Amino acid sequence: MTDDGERGTPGKGLVQGLAVTLKTMTKRSTTRQYPDVEPELPPRSRGVIALLEENCTVCMLCARECPDWCIYIDSHKEEVVVPGAARARQRNVLDRFDIDFSLCMYCGICIEVCPFDALHWTPEFEYAETDVLDLLHDKNRLGEWMRTVPPPPAHDVLGEPSKEEATAARKAAGPGAATAAKTNVRRASPTTAERPNRAAQAQPEPPEQPQ
Amino acid sequence: MPLWLDLTIRVVAVVVGFLTLPLIVGQAEHKVMAHMQGRLGPMYAGGYHGWAQLVADGVKFVQKEDIAPRDADRRVFRLAPLVALFPYLLVLLAIPLGPDLVAQPLDVGLFFVLAVLGVGVLAVLMSAWASANKYSLLGGLRGAAQLLGYELPLVLAAASVAMAAGTLSLPGIVEAWKPWWLLWQAPAAIIFFIAGLAEIRRPPFDMPIADSELVFGYMTEYTGLRFAFFLLAEYVGIIVIAALTTVLFLGGWHGPLSDQLGWLWTLLKIFALSFVIIWLRVTYPRLREDQLQRLCWLVLVPLALAQLVLTAAVKIAT
Ligand code: SF4
Ligand code: SF4
């Protein structure tokens with residue numbers, strides 16, 4: 001008001017302030033009415049981690065890479081007698097797979113590192129508990145989250161076809177038809193690519209992950 | 001109609017207005033402020049867009065324990081909220097809604113209103129001193145300085161319009177009002193409105209309350225119903241200042257169809273001004289104590305005096 005002489009017309013700032021508040025009043029407010037209205041989460045939101053138990057080979061990579069050491073895995077070995085095979089095979093059986101979500105920092109390293117696609121992000125986030133101990137999800141609870149895992153993003157139309165697709169197409173086309181196979185795949189992919197490309201670019205498709 | 005019945009109806013009408021208008025303004029403030037800040041405001045109480053929020057608040061206040069600090073001057077401490085509230089009730093008695101719609105027509109209405117409004121400073125000092133709390137005391141002293149200071153431009157601006165109308169009666173002033181007064185008395189109207197804002201200690205003139213530095217100023221120690229009285233006084237204050245500005249400067253019930261709908265015009269103008277008061281609160285930051293006093297003594301008082309001279313000159317010339 002009486003402070004500085006740098007401003008132009010006196011009172012201009014006052015009027016501008018009034019205009020700002022009035023304009024804001026006529027706009028829609030940004031409040032999310034969360035418990036009443038479900039939030040619209042972006043695809044691939046990191047809510048909770050789901051475990052596909054059948055895929056897990058107990059390689060322990062996730063537990064070792066987890067920066068918080070909050071994945072607990074116990075297992076035992078089992079003999080599987082395969083009829084016709086020379087000797088019985090050994091197989092790892094998962095006894096315990098717990099993730100402590102009171103420690104997890106949702107970095108996603110365990111999911112990235114899993115070579116067998118046993119861990120997945122799901123956008124579910126409403127699993128708050130009144131007791132912190134209840135945040136330890138065992139393998140059944142982690143398995144239940146699998147239902148909420150969104151389908152993987154479609155393959156990037158402009159990207160190279162995945163190795164598996166390419167080989168399959170080459171086999172189907174017969175010997176010496178590698179270029180034809182590539183165009184085949186190109187033509188086929190838009191029908192499968194109904195999801196927005198944005199999601200596809202944000203995260204590479206699982207089959208492309210380095211093994 | 002027997003006298004007592006007449007009297008009862010008038011008093012009951014004023015009390016009802018006294019209780020409902022501030023609630024409407026308070027709810028409007030909740031909502032307007034929220035939307036101006038990109039929020040929604042209360043949404044749950046009462047179901048539809050939180051219309052019953054203030055009722056719920058009232059119920060909450062009633063349930064709270066009534067605490068007086070150990071060192072407080074109990075009698076004064078307990079009396080202060082009533083002293084804050086009561087003058088506004090008396091002022092509402094004298095404010096005309098329509099040509100004959102006034103609870104108590106007074107020949108010296110303006111004088112009465114300004115005198116009673118001046119009692120507000122007493123409540124501030126009483127609550128501040130009796131609380132035995134340094135924040136309260138600081139807030140109270142700031143409040144006293146502010147209220148005494150702004151009383152002057154308030155009275156001078158009101159005097160200008162009284163001089164123009166040649167009467168001190170509030171209905172008389174509205175009767176004498178002409179549309180071109182909007183221009184002639186514009187400085188007085190603005191001064192009156194600003195000084196009125198300072199009188200009811202609304203932001204940006206809430207230095208005595210200043211919750212970021214003084215906890216809650218002179219209301220720091222109050223809880224429950226007594227605190228609610230102070231809050232109610234603030235909202236009745238909005239109504240009173242808006243109503244006085246309407247009656248003195250905006251022509252009260254004048255407007256199209258004023259014969260039948262005069263009271264509606266008055267109410268409409270009151271609510272429009274209340275909206276402006278809320279709007280100002282949302283927009284401007286609090287004035288510092290020195291800025292506040294400078295605005296009063298170096299801007300408003302000289303302007304009000306100049307307006308008085310102008311009014312007198314025009315009055316003599318015509
Ligand atoms: S998201 Fe990160 S912190 Fe959480 S379990 Fe996986 S690796 Fe550990
Ligand atoms: S990295 Fe994957 S496969 Fe290995 S233990 Fe973890 S979840 Fe199982």
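Quick caveat: nothing in here was measured; it's all calculated off a predicted structure. Sequence lines set the chain letters: A, B, ... in the order given, protein chains first and strands last, and positions in each chain run from 1.
The shortest side-chain heavy-atom distance between Gln37(B) and Thr24(A) does not fall under the 4.5 Å cut-off. The side-chain heavy atoms of Thr21(A) and Tyr284(B), taken from C-beta on, include no pair separated by under 4.5 Å. Within the 4.5 Å cutoff, side-chain heavy atoms of Met25(A) are placed close to those of Val32(B). Taking the side chain as every heavy atom from C-beta outward, Leu280(B) and Leu18(A) approach each other to under 4.5 Å.
By the neighbour-count criterion of 12 heavy atoms within 6.0 Å, atom CZ of Arg96(A) is densely surrounded, having more than that number from other residues, nucleotides or ligands. Residue Tyr135(B) qualifies as open at atom OH: its count of foreign heavy atoms under 6.0 Å is 12 or below. Atom OH of Tyr34(A) has more than 12 heavy atoms from other residues, nucleotides or ligands within 6.0 Å. Glu40(A) CD: 12 or fewer foreign heavy atoms inside a 6.0 Å radius.
With rounding to the nearest 0.5 Å, the separation of OG1 in Thr26(A) from CE in Met36(B) is 9.5 Å. Taken from CG in Leu40(B) to CZ in Arg32(A), the straight-line distance is 11.5 Å, to the nearest 0.5 Å. For the atom pair CE (Met43(B)) and CG (Asp36(A)), the distance works out to 8.0 Å, reported to the nearest 0.5 Å.
For Met33(B), no part sits under 4.5 Å from any heavy atom of chain A, backbone or side chain.
In terms of heavy-atom proximity, Thr31(A) sits nearest to Arg39(B) at OG1-CA, 3.3 Å. Here the closest non-hydrogen pair linking Gly38(B) and Ser29(A) is O-CB, 3.3 Å.
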